[in-house]
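Down below is the structure, laid out as structure tokens.
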Amino acid sequence: MSNAATTAPAPAPAAPPPVEKIKIKVDGREVEVPKLLPNWQGKLEPTTMLQAVQLAGGEVPHYCYHPKLPVAGNCRMCLVEFGTPMMGPDRKPVLNEDGTPKIAKSVLPYEPQTPRGAIACATPISPGMELYPNSPATKQMREAVLESLLINHPLDCPICDQAGECKLQEYSVEHGQASSRFVEAKVHKPKAVDLGPRIVLDDERCVLCTRCIRFTKDIAGDDALGIVNRGSYNTIAAWKAGAFDNNYTLNTVDLCPVGALTSKDFRFKMRVWFLKETKSVCTSCGTGCNITIGSRESTIHRYEPRDNDAVNGPWMCDSGRLNYKWVAREDRLKEVLVRGAKAGWGTALKEISAKLATAPQGSVAVVASARQTTEELYLLKKLAAKFDALTDSVARNGEADKLLVSADRNPNRTGARLTGVASAELGLNLPRIAAGIANGSIKTLIVFGEDVTKHGLGGDLLAQLDTLIVSDILPNATTAIATYLLPGCAPAEKRGTFVNVKGRLQKLMQAVEPKGDARAEWEFLLELVPHVTGQSGFKSIEGLFNQMAQEVPAFAGLEWAKIGDTGVTVQI
Amino acid sequence: MPEQFKLILKHADSPGYTPDLECYARHGGYEALKKALATTARDLADGKKLSPQEVVREDVKASGLRGRGGAGFSAGLKWSFVDRRSGKPIYLICNADESEPGTFKDRQILHKDPHQLIEGMIISCWANDVKLAYIYIRGEMPHGARLLEKALAEAKAKGFLGKNILGTGYDLEIYVHRGAGAYICGEETGLIESLEGKRAYPRIKPPYFPAVLGLYMCPTIVNNVETLCHVKHIVTMGPAEYAKLGTPNNTGTRIVSLSGDVMKPGYFEVEVGKVTLGQLINDPNFGGGLRPGRSLKAVIPGGSSSKVLKAGEVFKLNRKGADGQMTKVDVPLLDLPYDFDSLQGAGTMSGSGAIIVMDDSRSMVDVLANLSEFYAHESCGQCTPCREGALWLAKGTHRLAHGEGRKQDADYLSHIAQNIQGRTICAFGEAASWPVLSFVKKFKDEFEAQGAADEAARGKAARPNQH
Amino acid sequence: MSTKVVDRAPLTFYERTYLPAILGGLKITGKHLFNTLVKGKAVTMEYPEQKWVVPEGYRGAPYLVKDQDGATKCVSCQLCEFVCPPKAIKITPPGPTGESADRTNAEKMPKEFEINMLRCIFCGFCQEVCPEEAIFLQKDYSLTGLSRAEMIYDKEKLLKLGGTHAGIQKWKNKLEEAEAQEVFPVATK
């Protein structure tokens, strides 16, 4: 990871123990690799051939191996020819005439003229070992395994959702043969099997790598999948039809190297090569799983988890993954409304600034949302500071699970706290705001992204206000009675940062354009806030973030450009 | 005149012998156990001291006993690999999942003399500090399982098993586990998985060597029924005496299962290496020769997965001369001594000791189609080459055997088989491919003739069924 | 590299009068005049009353075809959309809830398939890339319409214009093969 803690001096990590290294040769090139490397659980284990080749800059094709799953060694695609230093009867290495150690290539014990491969994913390396990941024998083994995988494959790429990101396709191009010599009848297996509420299985396409079984058993902790039948007729099955229903099933779709497991949600929706990939963050809970948004034109087609060992590893939950459809809802707020009538941004913002400019101290209150970006919360806090206004947000809690879902369903509660919009416990100020409205001291309420009628500020109370300024994405009871309604953006439609429950600050990038007249909240706040406060502001998200970093202690020293794709950890 | 040498089956086949403890005890049963438990520590020349258990383990090693299950690996050496420092319990499993086609030797012991196996097991467990052992018996042998359960209860009642065996303070439990009918359960790591209640998928080695990470990830010894019985006799006779049986490096006796086209198929216990393949087939004491008017065509010498031998073949074997020098000697097929090393020298193996004889009435194409079908049916399907290759071979040989062959099918089949052997998780890959490789290599003319005839009959249609 | 300038042969006096060229041209004109007026052999085609007979292999407008059973061949793989240089093709895939294919044993067909004939350059890439033999450049070269919208041909129109193409019925064959699948162990003869 390129981004260590950058805020207030974090406890210096203890100096790592010196890494023991061993020398091996990969394709004749000498490399030094660590003797031990983390396994799928992060425990140190002897370095495998596959890891060594990867460290040497090479690649070993594989189907069943996955760095975050227990090793199965069943696909045999990673077979690699190798050699070990020859030992004499005196247990001393045998040397060549030039003094170099003599290497004994691996051969079949019963057929010493035939090379024998070892599965690179499970075989540990030893000092002096030579690996030949590109030798003719290795290539022949790969070709043969690929041929075996393809003989019973239905070759239905035109209707397969995996086409374009399929390891069978990729390896066929790299390591396969142009034509088949298979003249027998193919094995036919069940198609479009309903494995669970979100997963459909095509058994004919399956290469039986068991990644899905291992994931659901060892990572998700739900031993729902297994293999039935025997030999070439092996098929993946759920223990009961449709029983593969935990909250992590869709990860198996990502894991499946072929098109056997496909998402019911993404089924037949769009060919993957049309999808634009945008790096973003899931905003369904406080975990902040890193995602890749797949969109085409103005439509979001899918979310996929993006590797980040500091947050979610390669996984994400199904509920977060499928929580994107509301972005395309027809009833999205698309127009700026001033007292119920359609207006332009210029008019509305001018009127609001004029109103706020004359508002007396303490007559304004702000209810922000912990689902907004840190920059927006920062701007709202700045606005509130002008009037010494009460600010708060709304708590949103659920049940945490063992893997990723956190109990805090607000994606940016930490951000709301760090910017000073809310205290550690959200919603403490809401009764005070209600009381202020009731006793007439608060005349203007600014609400962003929350339906306050559900949080103690009922319609009759709001009716007592002079001005109700509301920005939201979808209509609700509060937007219905807003004096000024400013349509905002979904996280996928704007840039900004979120801080997760553990203090990881991460960037969102914009995947699609906002709907109608909607604008990113930070954009119009950047116009509004300087008008009201008199301070000059930046015009870009980068400038805004950098300014915030200077003012908010937790973000001290940060710059937008320094936040990598996987974010940085801040002191919370 | 070669004769049987009955060590394991000494009493089992005698008239009136019953599988109960009372009968076993009358024939000297459990004396070896008493002797083993009374073993005293031994001082070595270099000042080290062997514990009584180590003495028995050394004796088994010194006896030269080789595994009778198929691979012929030294039993004593296998025991010496066991990780005894891990602090984890050590398990012993008796592999009674006898399912190699042509093999029916363990069944004789299980059905006729279960106490002999149990005694051998108790000694082996004691010698290896095992407190819990299992007998994994093939699902298709319910009678054997019932007999074993009964025998275990009898042994327990007599204090040979359970808590404080014969007052020595040693505790041992043995459980019988019935398989559910899969050939792959005979593979030791597949067997362990099955015993753990999982699908019998053999484990990858490394890292899961049973001696270190076996049953429930603990050190585990897996031995064949016959091998464990021999342990009893090694204790009774002493390793030096035992090693005098058979030939050097191929000690003891073994039970040979003879089947196929012979007059008198059956099982015969012989001293290893003292009887030739020809004697086993033709001698009136054994197979009694082929049926009248038939001539020998081929012999599968060690269970269906061993490579076939063709009648008339002559092998070059290493023989130690009187001067101690190794020389190459020509040995015709029928003069091959039936032992581990000679058959290995002939390019095949003695495997589970099952000889299948085929006479000239047999079509090698049909035989191979039959064998390949078996392997396609029994492949567990875990790893790619075997899962897809075994069925591919079966479909190819089936096509050739049913009039849809092609001239190139001989090469086609052996090329597919080449891509299986040595690339799989377990030895099933070899088991499935060796018959094809050896049949096609040794009877290539027959396979090509069949393909050519089919092509001619079809009028040279390019491919039989194009997909 | 050196350049060698070759002198042009000078025109002769006769050539410089331009008479031979003029006469040669007039000869051809006269021949056509004679053929048209006297023999009645016209060289121009009276389009649109007369229509050109399109030769085999002509690349006209791309249309979708149906198979011999009257089923849509297109499976909505969107390769043509991808390969189309002027981006004339727009396919709407069926999505998870879409109508299933009208063809035996194929799970997918397009919900909508549009070709903007104003953009189409008749290059034939769509036909070449199609893995299902579902789109063919046919013989229509004269496409007219009164509006831009009218020139966007939809699935229904494309299928109607495309007609039938009897070929290998891949998906149907797969089903037949699956139904006739060998059951293992096979019964020996």
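Convention: sequence-line order gives letters A, B, ...; per-chain numbering from 1.
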query = Leu208(A), Leu79(A), Thr210(A), Val145(A): which one forms the most heavy-atom pairs within less than 4.5 Å of chain B?
reply =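 Among the listed options, the one with the most contacts to chain B is Leu208(A).
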Could you tell me whether a side-chain N or O of [X] sits under 3.5 Å from a main-chain N or O of [Y], the two making a donor and an acceptor?
X: Asn234(A); Y: Gly381(B); value: yes
X: Arg387(B); Y: Ser148(A); value: no
X: Thr384(B); Y: Cys75(A); value: yes
X: Arg399(B); Y: Glu184(A); value: no

inquiry  = Need one label for Arg423(B): side chain, backbone, both or neither, based on atoms under 4.5 Å from any heavy atom in chain A.
reply    =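 Both parts, backbone and side chain.
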key: Lys198(B), part contacting chain A, at a heavy-atom distance under 4.5 Å   =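 Neither part, no heavy atoms under 4.5 Å.
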Find the one option among [options] whose heavy-atom pairs under 4.5 Å with chain A are most numerous.
options: Gly422(B), Ala182(B), Cys380(B), Gly396(B); answer: Cys380(B)
options: Met349(B), Gln344(B), Gln418(B), Glu378(B); answer: Glu378(B)
options: Gly389(B), Gly347(B), Cys383(B); answer: Cys383(B)

task = Not counting sequence neighbours, which residues clear salt bridge (Lys or Arg N to Asp or Glu O under 4.0 Å) with Asp339(B)? List them please.
result =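 Asp339(B) satisfies salt bridge (Lys or Arg N to Asp or Glu O under 4.0 Å) with no other residue.
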inquiry  = Nearest 0.5 angstrom please: Gln421(B) CD to Glu111(A) CD, how far?
reply    =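 Those atoms lie 4.5 Å apart.
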inquiry  = Measuring from atom CG of Asn152(A) to atom NZ of Lys395(B), what distance do you get when rounded to the nearest 0.5 angstrom?
reply    =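 If we round to the nearest 0.5 Å, Asn152(A):CG and Lys395(B):NZ are 5.0 Å apart.
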Below 4.5 Å from any heavy atom of chain B, which atoms of [X] appear? Answer side chain, backbone, both or neither.
X: Leu149(A); result: both
X: Arg230(A); result: both
X: Tyr110(A); result: side chain
X: Gln140(A); result: both
X: Ala118(A); result: neither
X: Val228(A); result: backbone

More than 12 heavy atoms of other groups within 6.0 Å of Glu20(A) CD =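 Incorrect, the count does not exceed 12.
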message = Just checking Lys442(B): does its NZ atom have more than 12 heavy atoms from other residues, nucleotides or ligands closer to it than 6.0 angstrom?
response =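 Yes.
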Considering only heavy atoms from C-beta outward, does the side chain of [X] approach that of [Y] to under 4.5 Å?
X: Ile227(A); Y: Tyr201(B); answer: yes
X: Val183(A); Y: Glu404(B); answer: no
X: Ile425(B); Y: Arg76(A); answer: yes
X: Phe182(A); Y: Glu388(B); answer: no

inquiry  = Does anything in residues 202-213 of chain B reach chain A? List residues with heavy atoms under 4.5 Å apart, or say none.
reply    =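 Ile204(B), Pro206(B) fall under the 4.5 Å cut-off.
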query = Taking all atoms of both residues into account, what is the closest heavy-atom pair of Arg181(A) and Tyr412(B), and its distance?
reply =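 Looking at all heavy atoms of both residues, the closest pair is O-CE1, 3.1 Å.
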